[in-house]
There are 2 protein chains.
Amino acid sequence: MISAMDESKITERGRRTRQRIVEATGEQILASGIGGTTLDQVRAATLTSKSQLFHYFPGGKAELVREVAQWEGRQLFEAQEPYIRDLRSWESWEQWRAALINYYISRGRWACPIGSLATQAAMSDPELEQIIADGLRTWRETLADGVRRMRDAGLIAPAADPLKVATVILAAIQGGLVLSQPERSAWPLEAALDSALGPLHGASLTNAVVNSMP
Amino acid sequence: MISAMDESKITERGRRTRQRIVEATGEQILASGIGGTTLDQVRAATLTSKSQLFHYFPGGKAELVREVAQWEGRQLFEAQEPYIRDLRSWESWEQWRAALINYYISRGRWACPIGSLATQAAMSDPELEQIIADGLRTWRETLADGVRRMRDAGLIAPAADPLKVATVILAAIQGGLVLSQPERSAWPLEAALDSALGPLHGASLTNAVVNSMP
DNA sequence: TGTTCGTTGGACTTCATGGTCCAGTTGTAG
DNA sequence: CTACAACTGGACCATGAAGTCCAACGAACA
């Protein structure tokens with residue numbers, strides 16, 4: 001990744017200021033979207049000035065937004081650590097699920113830093129689109145690894161396609177968030193995620209509850 | 001619903017112009033989002049003038065966007081007719097699924113007029129948010145009716161909660177579209193939707209393929 | 001035929017917002 | 001302590017987009 005900001009000569013103070021800008025912008029974007037976020041708002045929220053914004057992000061708003069996307073993406077992944085790295089049993093999936101839901105709840109808003117940006121700005125900024133796509137892809141791969149471990153351990157059907165299962169889970173998260181937004185509740189997200197996680201639930205418990213035939 | 005445009009005195013010619021504006025705006029929003037759509041673009045695309053835009057939509061851009069949301073919503077529902085009204089067997093769900101996927105494919109872009117607007121503009125315009133929420137709700141209710149019919153006919157488990165199943169299906173659609181966007185392919189959407197539709201698939205076929213235990 | 005009202009054209013105004021500039025301050029290394 | 005570079009403040013500029021205004025056109029109807 002090529003960052004327009006060379007981090008060689010940078011003071012600690014500068015680093016803090018820069019980080020403050022990124023986080024405040026993220027907050028604002030989360031609340032009002034990219035288009036609804038102005039540099040003046042960021043400036044006011046961070047008690048900085050225009051010159052600082054352009055000092056740290058010479059590429060202007062576009063670069064700042066990209067930086068925010070990467071930062072938020074990292075936060076999202078860290079929130080899933082360490083569970084997402086060690087998905088190999090139903091219990092580990094449950095722990096991961098709890099950590100993820102908790103992350104979304106803690107932000108106060110029902111929006112995914114990756115998913116909602118994907119919808120908002122995909123067509124406006126190809127570079128941002130790339131960042132989003134990369135984040136989505138590694139997320140899916142990490143989940144697929146977990147599914148693969150489950151399969152190799154014989155905990156789920158050998159015929160299950162890990163990539164497909166991972167995609168279904170991701171889709172459930174993104175779609176669940178879309179529905180949680182107007183609902184102002186986590187339940188659509190939880191329902192969708194649990195449903196997608198069904199195939200990973202060992203034994204025929206899931207089938208019996210959700211899918212049995214009279 | 002209160003429309004700022006009183007339709008009492010309006011010529012056929014005016015109606016056509018107005019409709020032309022709505023459709024062109026929808027096209028533009030689909031391509032560039034709400035923020036990326038300017039009235040000048042709409043004016044150019046429809047060969048109209050500013051005065052016409054404000055003549056037919058006194059509320060300005062906000063009203064126009066709301067009108068577009070409603071129009072697109074209607075289109076979306078019509079695309080699912082008549083199947084969505086008569087969900088009562090696995091075959092009918094399959095027909096509905098085909099019609100829906102076909103609708104999204106035919107638009108050329110992987111975006112839902114309801115879902116993507118929900119993400120984009122929910123917080124900027126409360127009225128638009130209401131329109132989106134309503135559309136989402138009636139959609140969910142209609143699907144839930146179908147699930148209810150399935151349950152009452154004994155085709156799925158009596159314990160299944162129709163509203164929850166409908167929500168999971170909707171989430172799969174929305175999330176599938178989010179993932180289909182960067183992928184530039186319908187497969188994530190189809191995978192997610194099929195997975196969510198699993199519980200409606202009679203017999204233990206689904207269980208055997210996706211979820212069996214060694 | 002003329003009057004009325006829906007319709008249309010396009011110039012004009014206002015203003016928010018991204019972006020620029022430069023002078024002044026603070027920190028740090030020799 | 002001095003010099004240089006990083007950092008900060010805020011006035012200023014350019015632009016594009018929403019919204020206004022008014023004059024002119026055209027179709028229905030007396």
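So that the names make sense, note that chain A is the first sequence line, chain B the second, and so on, each numbered from 1.
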Participant: Taking only the side-chain heavy atoms of B:Ile10 (C-beta and beyond), determine which of D:dG19, C:dG19, C:dT7 contains the nearest atom.
Facilitator: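 Minimum distance to the B:Ile10 side chain belongs to C:dT7.
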Participant: For DNA chain C, whose closest nucleotide is more 5', that of A:Gln41 or that of A:Ser51?
Facilitator: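 Per heavy-atom nearest nucleotide, the more 5' residue is A:Gln41.
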Participant: Hey, is the side chain of B:Arg43 poking within less than 4.0 Å of OP1 or OP2 on C:dG10, counting only N and O atoms?
Facilitator: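 Negative; the distance criterion is not met.
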Participant: Let me know the distance between CD of B:Gln19 and P of C:dT7, rounded to the nearest Å.
Facilitator: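 Answer to the nearest Å: 14 Å.
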Participant: Would you kindly give the CG-to-P distance between A:Leu47 and D:dG9, to the nearest whole Å?
Facilitator: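 After rounding, the gap between these two atoms is 9 Å.
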Participant: What is the distance, to the nearest angstrom, from the CG atom on A:Leu64 to the P atom on C:dG19?
Facilitator: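 Nearest whole value for this atom pair: 10 Å.
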Participant: Given atom CD of B:Gln28 and atom C1' of D:dA17, what is their separation to the nearest angstrom?
Facilitator: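 So the two atoms are 14 Å apart, to the nearest Å.
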Participant: How many whole angstroms separate atom CG of B:Leu53 from atom P of C:dA11?
Facilitator: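 In whole Å, C:dA11 P and B:Leu53 CG are 16 Å from each other.
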Participant: Looking at side-chain heavy atoms only, is the closest gap between A:Val65 and A:Asp125 below 4.5 Å?
Facilitator: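 Result no, sub-4.5 Å side-chain heavy-atom pair not found.
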Participant: Please confirm whether any donor atom in the side chain of A:Lys50 sits under 3.5 Å from an acceptor in the base of D:dG10, or the reverse.
Facilitator: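 Under the 3.5 Å cut-off, the side chain and the base do not form any donor-acceptor pair.
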Participant: Looking at A:Arg13, I'd like to know whether one of its side-chain N or O atoms comes within less than 4.0 Å of OP1 or OP2 on D:dT8.
Facilitator: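 Answer yes for this pair, as a side-chain N or O of A:Arg13 is under 4.0 Å from OP1 or OP2.
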Participant: Using side-chain heavy atoms (C-beta onward) and a distance below 4.5 Å, is B:Arg66 in contact with B:Gln70?
Facilitator: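 No, every pair of side-chain atoms sits at 4.5 Å or beyond.
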Participant: May I ask you to verify if any side-chain N or O of A:Thr17 is less than 4.0 angstrom from the OP1 or OP2 atom of D:dT8?
Facilitator: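 True: A:Thr17 side-chain N/O within range (under 4.0 Å) of D:dT8 OP1/OP2.
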Participant: Quick one: is C:dT8 close enough that its OP1 or OP2 comes under 4.0 Å of any side-chain N or O from B:Tyr56?
Facilitator: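 Yes.
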Participant: Would you classify A:Thr37 as touching base, sugar-phosphate or nothing, given that sugar-phosphate means primed atoms plus P, OP1 and OP2, and contacts are heavy atoms under 4.0 Å?
Facilitator: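 The residue A:Thr37 makes sugar-phosphate contact but no base contact.
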Participant: Please state how far atom NE2 in B:His55 lies from atom P in C:dT8, giving the value in whole angstrom units.
Facilitator: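 Whole-Å distance recorded here is 7 Å.
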Participant: Return whichever of A:Ser49 or B:Asp40 has its heavy-atom-nearest nucleotide of DNA chain D closer to the 5' end.
Facilitator: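 Result: A:Ser49.
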Participant: Rounded to whole angstroms, how far apart are CG on B:Leu39 and P on D:dA17?
Facilitator: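 My rounded result for the distance is 9 Å.
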Participant: Without decimals, in angstroms, what is the distance between A:Ile21 CD1 and C:dG18 C1'?
Facilitator: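 Between C1' of C:dG18 and CD1 of A:Ile21: 15 Å.
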Participant: Think A:Gln52 has a side-chain N or O under 4.0 angstrom from the OP1 or OP2 of D:dT8?
Facilitator: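 True: A:Gln52 side-chain N/O within range (under 4.0 Å) of D:dT8 OP1/OP2.
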Participant: Are the charged groups of B:Arg148 and B:Asp145 less than 4.0 angstrom apart, N to O?
Facilitator: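 The answer is yes: the pair qualifies as a salt bridge.
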Participant: Judged by each residue's nearest nucleotide on DNA chain C, which is more toward the 5′ side, B:Thr11 or A:Phe54?
Facilitator: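 The residue mapped nearer the 5' terminus is B:Thr11.
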Participant: Ring centres under 6.0 Å, that's the criterion: do B:Trp93 and B:Trp96 meet it?
Facilitator: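 Between B:Trp96 and B:Trp93, which both carry aromatic rings, the centre distance is below 6.0 Å.
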Participant: For B:Ser49 and B:Gln52, test the side chains for any donor-to-acceptor distance below 3.5 angstrom and give the result as yes or no.
Facilitator: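 Judged by distance alone, the side chains do pair up.
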